[in-house]
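What follows is a short report on a single structure.
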Amino acid sequence: MASPTLTTGAPDARKGGGARRVRRQLPASPWLFAAPGLLITGAFILYPFVSTLVNSFTDRRTLVPGEFVGLANFRELLHDDMFWIGLRNSSLYVLGVVPALVLLPLLLALLVQKNIPGITFFRSAFYTPVVASIVVVGLIWVWLLDERGLVNSLLETLGASPVGFLSDQWLILLSAMGVTVWKGLGYYMIIYLAALANVPRELHEAAAVDGAGAVRRFLTVTVPAVRSTMVLVAALSSVAAFKVFSEVYLMAGPSGGPAGEDTTLVMLVQRTGTGLTGRVGYASAISVVVFAVTVVLMLLVLRADRKEDA
């Protein structure tokens with residue numbers, strides 16, 4: 001009787017040891033799976049961020065290692081007219097683009113939400129600008145809005161004078177805003193479509209029975225149901241609008257329009273920090289300001305959402 005006991009006990013001991021070895025190896029397994037993502041994040045996000053933050057306190061140039069100068073770069077920003085011009089234009093861009101990108105994609109999503117013949121074509125057509133390169137989109141609009149472009153040619157045919165879309169300071173900024181809104185409509189439309197799919201039909205039917213029209217149902221049923229999505233769209237579009245570069249660069253040119261009056265903050269970073277004599281430290285200080293403002297924008301949007309909930 002003793003022999004079977006020893007025979008069955010040995011495998012149990014081996015199994016227990018194997019289980020303990022597996023348990024000792026498990027804690028490291030998640031890190032192995034996460035390692036590629038962590039390495040990419042560290043190399044392309046965390047390290048550049050820390051490097052930019054450190055450089056903002058130095059006088060580093062492209063080919064010259066910098067020395068620590070403290071807050072000198074940030075003090076210089078306060079007396080730099082181009083910085084204030086860039087801050088003004090970036091802020092105006094947010095004010096002009098964000099409301100349009102919060103409301104228009106929602107209305108567009110309501111139009112394409114219905115399952116009618118051919119609606120898939122329109123959904124694809126509205127989404128096409130999203131997948132197109134911003135450079136290609138910008139060049140197309142530059143050709144359209146040029147003094148000899150299609151838009152001005154049509155205006156001349158109708159007897160109107162040509163409009164300086166790409167020569168007037170404010171029209172350049174408005175034209176770039178239009179391109180941003182046109183390109184972003186399809187992207188945010190998809191986000192709203194996903195949110196609208198979760199709105200119960202019973203709410204609309206109950207409102208219709210109570211005599212609510214289309215506009216009233218939109219304000220009392222649709223908007224409250226997708227309010228959290230509207231907050232998300234507002235946050236995303238605010239950050240993207242404040243960091244605008246390509247649209248204004250293509251419309252206004254590298255100089256930033258007449259006398260540089262259409263320069264944005266990101267354009268100023270590119271102009272200041274590139275080239276053989278680029279002031280990397282000063283450009284890094286501007287980048288830190290851009291980062292701080294985008295964080296403040298997101299916090300303001302989230303705080304407004306909390307107040308609405310309260």
Side-chain angles (χ1 to χ4, degrees), residues 52 56 73-104 129 134-135 137-142 144-147 151 163-185 187-188 233-275 278-301:
T52 300
S56 67
N73 289 326
F74 295 95
R75 287 194 294 266
E76 184 179 349
L77 287 178
L78 299 177
H79 305 285
D80 187 351
D81 292 337
M82 288 306 302
F83 168 76
W84 292 109
I85 290 174
L87 182 61
R88 177 200 66 191
N89 292 331
S90 297
S91 301
L92 289 175
Y93 215 89
V94 173
L95 295 176
V97 167
V98 173
L101 285 179
V102 171
L103 182 60
L104 294 181
I134 183 59
V135 176
V137 169
L139 290 176
I140 290 174
W141 279 96
V142 167
L144 289 173
L145 300 177
D146 189 71
E147 291 185 1
V151 175
V163 179
F165 293 105
L166 304 181
S167 57
D168 181 80
Q169 170 191 345
W170 300 112
L171 288 180
I172 290 174
L173 207 59
L174 289 174
S175 300
M177 291 179 186
V179 174
T180 300
V181 172
W182 180 77
K183 183 170 172 55
L185 280 176
Y187 176 77
Y188 296 114
V233 171
L236 294 176
S237 58
S238 297
V239 173
F242 194 80
K243 298 190 301 180
V244 65
F245 173 79
S246 301
E247 294 92 324
V248 181
Y249 185 87
L250 292 170
M251 293 283 179
S255 61
E261 288 293 327
D262 291 298
T263 300
T264 63
L265 284 180
V266 178
M267 290 178 64
L268 186 60
V269 171
Q270 184 268 342
R271 187 188 309 166
T272 306
T274 57
R279 300 180 60 191
V280 178
Y282 189 65
S284 298
I286 303 174
S287 300
V288 171
V289 173
V290 173
F291 171 76
V293 173
T294 54
V295 171
V296 170
L297 284 174
M298 294 191 68
L299 291 177
L300 289 176
V301 172

Side chains of Ser175 and Trp141 in contact at under 4.5 Å (non-hydrogen atoms)
no

Answer yes or no: is there a side-chain heavy-atom contact under 4.5 Å between Leu265 and Phe83?
yes

Is any side-chain heavy atom of Val266 closer than 4.5 Å to one of Gln270?
no

Atom CG in Leu166, atom CG in Leu144: separation rounded to 0.5 Å?
10.0 Å

Taking every non-hydrogen atom, the tightest pair across Gly257 and Ile172
CA-CD1, 4.3 Å

Could you pull out the closest heavy-atom pair between Ser56 and Ser284, with the gap in Å?
N-CB, 3.6 Å

Look at the side chain of Asn89 and the backbone N and O of Thr263, then say whether any donor-acceptor pair between them is shorter than 3.5 Å.
yes

Can you check whether Leu300 reaches Val296 side chain to side chain, under 4.5 Å on heavy atoms?
yes

Interatomic distance, Asp168 atom CG to Glu261 atom CD [nearest 0.5 angstrom]
11.0 Å

For Met267 against Asp262, the heavy-atom pair lying closest together:
SD-O, 4.2 Å

Can I get a per-line list of side-chain donor-acceptor pairs under 3.5 Å for residues 241-254, giving both atom names and the distance, sequence neighbours left out?
from	atom 1	to	atom 2	distance (Å)
Glu247	OE2	Thr180	OG1	3.0

Heavy-atom count check: over 12 atoms from other residues, nucleotides or ligands less than 6.0 Å from Glu147 CD?
no

Leu268 CG to Tyr282 OH distance, which is reported to the nearest 0.5 Å:
6.5 Å

Could you report the tightest heavy-atom contact between Leu171 and Gly164, atom names first, then the distance?
CD1-O, 3.5 Å

Side chain proximity check, Met82 to Thr272, heavy atoms < 4.5 angstrom
no

Is there a side-chain contact between Leu236 and Tyr188 in this structure, where contact means two heavy atoms from C-beta onward sitting under 4.5 Å apart?
yes

Quick one: does any side-chain atom of Ser90 pair with a main-chain N or O of Leu87 as donor and acceptor, under 3.5 Å?
no

Looking at Leu78, is its backbone amide N or carbonyl O close enough to the side chain of Trp84 to form a donor-acceptor pair, meaning the two atoms are under 3.5 Å apart?
yes

Kindly give the heavy-atom pair with the smallest separation between Val269 and Ala283, and that separation in Å.
O-CB, 3.8 Å

Could you report the tightest heavy-atom contact between Leu101 and Gly184, atom names first, then the distance?
CD2-C, 4.1 Å

dist Leu145:CG -> Leu174:CG (nearest 0.5 Å) comes out at 11.5 Å

How long is the gap from CD1 on Ile85 to CG on Asp80, to the nearest 0.5 Å?
8.5 Å

NZ (Lys183) and CG (Leu185) are apart, to the nearest 0.5 Å, by 11.5 Å

